[in-house]
Amino acid sequence: MTLPHPRTGVPFESPVPAGVGWPGDPAVPETAVAVNPRQVAKLAATVADIDGLDAVVSVCRACPRLVAWREEVAVAKRRAFASEPYWGRPITGWGSPRPKILVLGLAPAAHGGNRTGRVFTGDRSGDQLFAALYRAGLVNQPTSVDAADGLSTNDIRIVAAVRCAPPGNAPTPDERSTCEPWLTREWELIAPSVRVIVTLGGFGWQSALRLLADDLPAPAKPKFGHGVVVELPSGRQLIGCYHPSQQNMFTGRLTPAMLDDVFTDAKRRAGLPG
Ligand code: SF4
């Protein structure tokens, strides 16, 4: 059954096949599909640029549990989105291919990124994140609703450590390891321009420590905390930020003002104009 995209009106199946016109779909029907960890590592090692990486990530099927979950959610849907098609595929990084600031989160939400096809788009966490990024002057609009809403940035790139929505927002250690070559390759491609890495939550922090293993001061395992800044020998800086989850925002553990402080600081440290 096809349903119309909420902005473009073009009908799509759920999950969305590769290369059928979904806004921002980086893949074509011929894009190579990784179906096991070895193929993820092999494909990740061979892509030459961000566009090529986004294409192969967006069709990956290497984690059987996550593929089944993302597609099951895409078909069942949440009642509020029952009239929409769901992307139901992995979520690529989003933003500039030459960012000054990398924002690293955990994994897409079942009815957010897994529905809209864009990271942190269409869920409560994304509402808080993009509102803060807009207040900091890092994106062009305060909302992130769907993949055709005109959101843009020159300065940041947002990625999830695990690219498929996991049940209970909890990927297994094996799933994290299977997905890691995508993140590692993305880091290799964007690292030359990146000055600041902001991690959202402890999972993102641990992923960042693995990515930056060769660029950590001794002692090598700085602890995650909100507002913690680690100065790296390369001159880059790693900043911890609580995840803008519904629970953290509802309980006041994280406030909009705290998010503003992090992104204002990140922007200053990245050398971007205020
Ligand atoms: S989590 Fe990563 S490795 Fe696993 S299927 Fe999704 S994109 Fe592929």
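Starting from 1, each residue takes its place in the sequence as its number. Reckoned from all heavy atoms, side chains included, excluding hydrogens, waters and symmetry mates. Every number for a ligand or one of its atoms is a count from 1 in the order of the listing.
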Participant: Give me the residue, atom name and distance of the protein heavy atom closest to atom 4 (Fe) of ligand 1.
Facilitator: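 Sorting protein heavy atoms by distance from atom 4 (Fe) of ligand 1 puts Cys63 SG, 2.3 Å first.
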Participant: Could you verify whether a donor N or O on one side chain and an acceptor N or O on the other, from Ser144 and Arg118, lie under 3.5 Å apart?
Facilitator: yes
Participant: Hey, which atoms in ligand 1 end up nearer than 4.0 Å to a heavy atom of Val162?
Facilitator: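 Those of ligand 1 that fall under 4.0 Å from Val162 are 1 (S).
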Participant: For atom 6 (Fe) of ligand 1, what is the closest protein heavy atom, and at what distance to 0.1 Å?
Facilitator: Cys164 SG, 2.3 Å
Participant: Taking atom 7 (S) of ligand 1 as the point of reference, which of Arg176, Arg163, Arg61, Gln39 owns the nearest heavy atom?
Facilitator: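 Comparing heavy atoms across Arg176, Arg163, Arg61, Gln39, the nearest one to atom 7 (S) of ligand 1 lies in Arg163.
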Participant: I'd like to know whether CZ of Arg98 has more than 12 heavy-atom contacts from other residues, nucleotides or ligands below 6.0 angstrom.
Facilitator: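 Open: at most 12 neighbouring heavy atoms sit under 6.0 Å from CZ of Arg98.
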Participant: Classify the angle between the aromatic ring planes of Trp94 and Phe130 as parallel (below 30°), tilted (30 to 60°) or perpendicular (above 60°).
Facilitator: perpendicular
Participant: Looking only at side chains, do Lys77 and Ser14 share a donor and an acceptor under 3.5 Å apart?
Facilitator: yes
Participant: Measure from the ring center of Tyr86 to the ring center of His111 and say whether it is less than 6.0 Å.
Facilitator: yes
Participant: Does any N, O or S atom of Cys60, backbone or side chain, fall under 2.8 Å from atom 8 (Fe) of ligand 1?
Facilitator: yes
Participant: Pull out every atom of ligand 1 sitting under 4.0 Å from any heavy atom of Pro90, numbered as shown with elements.
Facilitator: 7 (S)
Participant: Side chain or backbone of Cys179 under 4.0 Å from ligand 1, or both, or neither, by non-hydrogen atoms?
Facilitator: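 Cys179 to ligand 1: contacts from backbone and side chain alike.
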Participant: Answer yes or no: does atom CG of Asp214 have more than 12 heavy-atom neighbours from other residues, nucleotides or ligands under 6.0 Å?
Facilitator: no
Participant: I'd like to check which ligand 1 atoms, numbered from 1 as shown, lie under 4.0 Å from a non-hydrogen atom of Leu66.
Facilitator: 1 (S)
